[in-house]
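See structure below.
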Amino acid sequence: MKNRICELFGIEYPIIQAGMIWCSGWELASAVSNAGGLGIIGSGSMYPEILREHIQKCKAATNKPFAVNVPMLYPQIEDHIQIIIEEGVKIVFMSAGNPKTWTGHLKDHGITVVHVVSSVKFALKAQEAGVDAVVAEGFEAGGHNGRDETTTFCLIPMVKEKLSIPLIAAGGIATGKQMLAAMVLGADAVQIGSRFVTSQESSAHANFKNEVVLAQEGATRLTLKELAPVRLIRNKFFNDIQEAYAKCATVDELKELLGRARAKRGMYEGDLHEGELEIGQVSGMIDQIMPAKEIVKEIWEEFIRDKTKLATL
Ligand code: NDP
């Protein structure tokens, strides 16, 4: 396909795999890139030298473009940025922070910069900061989420109306039909997370992948808005948070309850009770674990089939 995003990244299909802590390492990123989409290494759960190793392995596993996602809450962000530059990474997706902070520096090194946003206001701020494209992520998405609870169906057309740079839709997209809907609403591409969590190449623990496959409609909730809003599966840990809310817990008490490395415990170590299981609402539609290549193929073929069908209506 030829469109602004395919040309910007040099990819075949406008299908981007989200950078996801504990799930998207070099194996998943290179598999998606080799399948014609854009694979992303999620650096938020990697110590700097681990990130370097993943970038090097990804370069060895694919000669297609790939990207690194850097959440700006990460404690050693300067080290990550330095490694990204040293290793010659060509595309960076920044998230959870001010786009003015790193865009200029990355672009000075010839890097294509994308910023993840959850509102029109933040999309315009990113455009003003000089990013090459924006990911607009709606309320349905898993993991860290915006505060305004704007759904993808409302967010994409509103961002599209104001933005001139390419727009990538995220949140609630796992199939070709959903991709088509996002493109009709004005997106140039889609970013998909949850569906790739259950890919064979994802580094998520098998327990977590199976839990996502079993998840039905209503299985997830957005919570912990006082810290950083996060969508997760309703398990024992989620119920503990609810109990804390019922007792009017303070922010410090919520922080203490969250503790450290909850996400690692749930998604990487497979503790389904005490861990944080970050996934989108679309998990209710995901019913099998598949190779990343098959996921890209299935989404793309359904997109083309339904686009043709729509044109005959
Ligand atoms: P926590 O503070 O609960 O835990 C930190 C986790 O990150 C640990 O599991 C640790 O691994 C790992 N880690 C990797 N590099 C470092 C480092 N330099 N210093 C400390 N810990 C490191 O945070 P979260 O798990 O919630 O988030 C970790 C990072 O991922 C943050 O930067 C966050 O912004 C980002 N992120 C979080 C999302 C979320 O929804 N929670 C979503 C997207 C990004 P170990 O236990 O092996 O030491």
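Ligands are counted one by one from 1 in listed order, and the atoms in each one are counted from 1 as well. Along the sequence shown, residues are numbered consecutively beginning with 1. Every heavy atom of this structure was used, including side-chain atoms; hydrogens, water molecules and symmetry mates were not. All figures in this text were calculated on a predicted structure; none of them were measured in a lab.
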Any donor-acceptor N/O pair, [X] side chain to [Y] backbone, under 3.5 Å:
X      : Y      : value
Ser30  : Ala61  : no
Lys59  : Glu87  : yes
Asp271 : Glu276 : no

What residue and atom, counting heavy atoms only, is the protein's closest point to [atom], and at what distance?
atom                    : answer
atom 42 (C) of ligand 1 : His144 CD2, 3.5 Å
atom 19 (N) of ligand 1 : Pro75 CG, 3.5 Å
atom 20 (C) of ligand 1 : Arg260 NH2, 3.7 Å
atom 48 (O) of ligand 1 : Tyr47 OH, 2.5 Å
atom 35 (C) of ligand 1 : Pro71 CG, 3.8 Å
atom 36 (N) of ligand 1 : Ile21 CG2, 3.7 Å
atom 32 (O) of ligand 1 : Tyr74 CA, 3.1 Å

Contact with ligand 1 for Tyr268, non-hydrogen, under 4.0 angstrom: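 It does not, in that no heavy atom of Tyr268 comes within the 4.0 Å cut-off of ligand 1.
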
Does ligand 1 have any atom that is closer than 4.0 Å to a heavy atom of Ala96? no

For residues Ser118 and Asn145, is any side-chain donor paired with an opposing acceptor at under 3.5 Å?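 The criterion, which ignores hydrogens and geometry beyond distance, is not satisfied for Asn145 and Ser118.
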
Rounded distance (nearest 0.5 Å) linking atom CD1 of Ile11 with atom CE of Met1: 10.5 Å

For ligand 1, which atoms have a heavy atom of Ala263 less than 4.0 angstrom away? 25 (O)

Can you list the atoms of ligand 1 that are under 4.0 Å from a heavy atom of Trp22?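 Ligand 1 atoms under the 4.0 Å threshold to Trp22: 9 (O), 11 (O).
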
[X] contact mode with ligand 1 (heavy-atom cut-off under 4.0 Å):
X      : answer
Ala261 : both
Leu73  : both
Lys264 : side chain
Glu278 : side chain

Do Arg231's NZ or CZ and the ring of Phe139 fall within the cation-pi criteria of under 6.0 Å and 45°?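 Yes, a cation-pi geometry.
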
Val213 versus Ile289: any side-chain heavy-atom pair under 4.5 Å?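 A side-chain contact exists here, since the closest heavy-atom pair is under 4.5 Å.
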
Measure the acute angle between the ring planes of Tyr74 and His80, then classify it against the limits of 30° and 60° as parallel, tilted or perpendicular.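 Ring orientation of Tyr74 relative to His80: parallel.
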
Does any N or O atom in Gln76 lie less than 3.5 angstrom from one in ligand 1, N or O only?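 Among all N and O atoms of Gln76, at least one is under 3.5 Å from an N or O of ligand 1.
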
Below the 3.5 angstrom mark, is there an N/O of Gly44, backbone or side chain, next to an N/O of ligand 1? yes

Answer yes or no: is there an ion pair linking Lys236 with Glu243, defined by an N-O contact shorter than 4.0 Å?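 Looking at Glu243 together with Lys236, the answer is no, because their closest N to O distance does not fall below 4.0 Å.
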
